[in-house]
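It should be emphasised that the depicted structure is a prediction, and the values quoted were computed from it without experimental measurement.
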Amino acid sequence: MVETLAEHVAAVGHEMEQYRGGGKVADYIPALAQVDAKRFGLCVLTCEGETAQYGDSWMPFSIQSISKVFTLTMALNRLGEDLWKRVGREPSGSRFNSIVQLENEAGVPRNPLINAGAIVTTDAVLAGRTIQEGIDDIRNTFRTLADDKTIDFDPQVARSEAETGFRNYSLANFMRGFDNLNSEVEDVLQVYFHQCAIRITCKQLARAGLFLANQGVDPLSGNRIISESATRRINAVMLTCGHYDASGEFAFQVGLPGKSGVGGGILTVVPGRAAIAVWSPGLNEYGNSQVGTMALERLATRMGWSIF
Ligand code: GLU
């Protein structure tokens, strides 16, 4: 008997029950350390608008680095191909907040999904605007893409990010020293810390990322979000660079473009078919959601979803 999408999602969710709580919750700021490690949510949204959800898919979590995909989209829309003069598209092979590589490569970050690269895309989003306008643009982009006006920042997370963001200040100052930031370091980072602090549910995240599965057009509203060629590039960068220093492993195991964040979320794109968002706060040794990755691997296998 052929199983439906809802049945596959439910089956994967049930399989994950025994693993709930696995991994280690990020503890560099209190708001993340306090999250219940046993949470698990999964949402699949197809390009036809079919939704299948499991568990805590309704519960907001901290988007953290997944936001980098969206500021990359915004920066590409503002700067076009010129963005690639300021940021590369190679896996870093280093930690997400590494500064060593930046020195060797004259302040041009390896890719837009590590912190230094995301600070550059944020600078592009901020160009010619006030901090508040930059922050509002990011919030509105999420609200529009997810078709949900309730999406907002967690001010406490944004504040804690700023209080503990010494490495991000180092990266930004370094790049400013190499003339790769146009706005003031403090201004760029205020916007960057806010984008990391977006609160989002699996359902909202799958909805917000659906345009990436449909060549840059939101299939449900019909709106073009970004060009077809830029969409291919975003997906390529997600595949090669979306999982910190375990991006190769994720491509190997799951075979789909994805971006994880230290809040325990992962956005995954199935080109031509669907967007998947999963959330489970416990992280593996590479900073990727342990149970989330496992769930994606099983779902992709069940559905026969892979770009290869
Ligand atoms: N807010 C974190 C930082 O900039 C992002 C961590 C992440 O999800 O990779 O350090």
Side-chain angles (χ1 to χ4, degrees), residues 13 16-43 54-71 94-99 113-116 118-119 122 135 138-139 142 150-172 189-205 242-246 250 258-267 277-296:
M16 290 305 109
E17 287 298 337
Q18 61 184 309
Y19 301 111
R20 275 195 193 237
K24 190 173 172 301
V25 176
D27 58 4
Y28 70 98
I29 56 174
L32 292 185
Q34 283 154 14
V35 176
D36 178 359
K38 289 204 159 58
R39 294 286 173 189
F40 173 81
L42 174 62
C43 178
Y54 183 88
D56 302 315
S57 60
W58 53 272
M59 193 174 187
F61 60 91
S62 189
I63 193 167
Q64 292 296 328
S65 275
I66 306 168
S67 63
K68 292 169 180 167
V69 173
F70 296 91
T71 42
S94 307
R95 282 190 59 76
F96 68 102
N97 55 8
S98 166
I99 200 164
L113 301 184
I114 53 174
N115 283 16
I119 292 168
T122 304
I135 289 175
I138 291 172
R139 175 170 36 205
F142 275 100
T150 66
I151 293 181
D152 219 328
F153 306 103
D154 181 332
Q156 196 200 334
V157 171
R159 222 175 9 256
S160 300
E161 294 284 347
E163 282 162 10
T164 59
F166 304 109
R167 274 176 181 253
N168 289 323
Y169 277 98
S170 307
L171 294 169
L189 287 180
Q190 279 314 317
V191 181
Y192 173 78
F193 293 140
H194 275 84
Q195 80 189 38
C196 291
I198 289 266
R199 279 162 49 83
I200 200 156
T201 68
C202 288
K203 185 161 183 252
Q204 292 165 335
L205 183 58
H243 279 77
Y244 311 109
D245 212 5
F250 188 81
K259 179 72 198 97
S260 70
V262 292
I266 306 176
L267 170 65
V278 66
W279 172 54
S280 177
L283 308 178
N284 63 21
E285 59 184 306
Y286 295 104
N288 300 308
S289 173
Q290 183 161 308
V291 181
T293 305
M294 202 188 303
L296 287 170

Which residues pass the side-chain hydrogen bond (donor to acceptor under 3.5 Å, both in side chains) test with [X], not counting sequence neighbours?
X: Thr293; value: none
X: Asn168; value: Asn115
X: Asp27; value: Lys24
X: Ser280; value: none

Problem - SB check Asp152 Arg139 (cutoff 4.0 Å) - result: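 So Asp152 pairs with Arg139 through a salt bridge.
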Are any non-hydrogen side-chain atoms of [X] and [Y] less than 4.5 angstrom apart?
X: Phe61; Y: Val35; value: no
X: Ile266; Y: Ser260; value: yes
X: Ser170; Y: Ile99; value: yes
X: Gln64; Y: Leu32; value: yes

Exercise for the section: Please state whether the rings of Phe250 and His243 are parallel, tilted or perpendicular, taking 30° and 60° as the class boundaries. Expected result: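 Aromatic pair Phe250/His243 classed parallel.
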Exercise for the section: Looking only at non-hydrogen atoms, find the nearest pair between Ser62 and Ala197 and report the distance. Expected result: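 So the minimum-distance heavy-atom pair works out to OG-CA, 4.4 Å.
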Handout entry: Partners passing salt bridge (Lys or Arg N to Asp or Glu O under 4.0 Å) against Arg167 (at least two apart in sequence or in another chain)
Key =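 Listed in chain order: nothing, the list is empty.
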Exercise for the section: For Asp56, check salt bridge (Lys or Arg N to Asp or Glu O under 4.0 Å) against everything at least two apart and list the hits. Expected result: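 Only Arg20, Arg39 meet the salt bridge (Lys or Arg N to Asp or Glu O under 4.0 Å) criterion with Asp56.
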Handout entry: Donor-acceptor contact present, side-chain Trp279 to main-chain Ser289, <3.5 Å
Key =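 Checking the backbone N and O of Ser289 against the side chain of Trp279, no donor-acceptor pair under 3.5 Å is found.
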Exercise for the section: Measure from the side-chain N and O atoms of Lys38 to the backbone N and O of Gly21, and report whether any donor-acceptor pair falls under 3.5 Å. Expected result: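 The answer is no, because no donor-acceptor pair under 3.5 Å joins these two groups.
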